[in-house]
Amino acid sequence: MSMYMNHPYHMVTYSPWPITAAISIMIAMMGFIKFSYNFNEMYMLLGMMILILITIQWWRDVSRESTFQGCHTKKVMKGLRWGMILFIISEIFFFVSFFWTFYHSSLSPVIDLGSMWPPTGIIPFNALQVPLLNTTVLLASGITITWSHHGLLENNFNQMKQGLLMTILLGIYFTALQLYEYIEAPFTIADSVFGSSFFVATGFHGLHVIIGTTFLITCIIRMLFMHFTSNHHFGFEAAAWYWHFVDVIWLFLYVSIYWWGS
């Protein structure tokens with residue numbers, strides 16, 4: 001604790017979780033490569049299981065630092081906010097690469113694609129069916145998470161919990177709809193650049209929805225333990241920022257890939 005009091009800046013405590021998380025991600029990625037070639041998923045599942053356990057313990061330590069140890073001063077909170085902002089910016093550029101690939105291929109389709117977009121033989125999704133429903137679900141979740149945040153700022157914890165629970169349910173519903181869409185897809189990831197760009201872009205977005213839903217579930221658990229107050233709730237604020245980012249990316253995916261690209 002004295003380490004935080006003697007310095008005007010944020011001193012990061014020693015933690016085993018960053019290096020162990022990096023090792024688990026490396027194991028999971030190597031396992032994914034092995035699964036792609038040999039259909040052996042053991043190492044991939046092992047790496048993911050280790051990563052989940054590390055994440056739980058890492059978030060536990062951060063919750064203890066902010067709630068019980070009083071380590072998250074205003075200076076620390078400012079650093080955490082900037083860290084989250086920079087993280088979201090990096091995620092934006094991550095998705096920009098997918099949009100770049102899609103528009104590069106669709107605006108000037110090569111002869112291998114039949115010189116047309118969608119490529120010859122590809123039957124795209126109807127943008128006014130399940131994709132439109134998914135868009136409505138995510139837009140509604142953006143409203144409920146904002147309503148929940150407003151309740152927390154007003155010390156209305158019942159409103160906060162209700163809005164957060166509705167957001168979590170909408171996130172799970174979105175994931176279920178996307179899984180149904182993948183099962184019913186008339187094309188695969190191997191069907192030209194259309195299939196690969198579609199499944200990679202929407203698949204990574206779906207992964208972000210799952211991560212965001214996990215983030216919100218963690219927030220509602222912390223809320224039940226009264227970890228948040230109206231002026232000290234950056235964990236919830238970061239989750240709300242991340243969820244709004246997921247909403248906006250989906251709007252661009254829907255307009256680009258489902259509507260314009262089809």
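Just so you know, residue 1 is the first one in the sequence shown, and it goes up from there.
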Q. Got a donor-acceptor contact below 3.5 angstrom from the N38 side chain to the N40 backbone?
A. no
Q) Going hydrophobic residue to hydrophobic residue with side-chain gaps under 4.5 angstrom, can you get from V200 over to I122? A) yes
Q. Can you tell me if S148 uses its side chain to pair, donor with acceptor, with the backbone of I145 under 3.5 Å?
A. no
Q | Side-chain (Y254) to main-chain (N134) donor-acceptor, under 3.5 angstrom | A | no
Q. With the 4.5 Å side-chain cut-off for hydrophobic clustering, are L224 and F228 part of the same group?
A. no
Q: Flag the pair E237 and R81 as a salt bridge only when some basic side-chain nitrogen lies within less than 4.0 angstrom of an acidic carboxylate oxygen.
A: yes
Q. What are the two closest heavy atoms between A21 and S24, and how far apart are they?
A. O-OG, 2.7 Å
Q.
Hydrophobic cluster membership, with links at side-chain heavy-atom distances under 4.5 Å among I/L/V/M/F/W/Y: are L46 and M30 in one?
A. no
Q: Could you pull out all residues at least two apart from D61 that satisfy side chain to side chain donor-acceptor pair (under 3.5 Å)?
A: W17
Q. With a 4.5 Å heavy-atom cut-off, do W243 and V209 have their side chains touching?
A. yes
Q. Is it true that a side-chain atom of Q159 and a backbone atom of L152 form a donor plus acceptor pair closer than 3.5 Å?
A. no
Q: For T218 and W59, test the side chains for any donor-to-acceptor distance below 3.5 angstrom and give the result as yes or no.
A: no
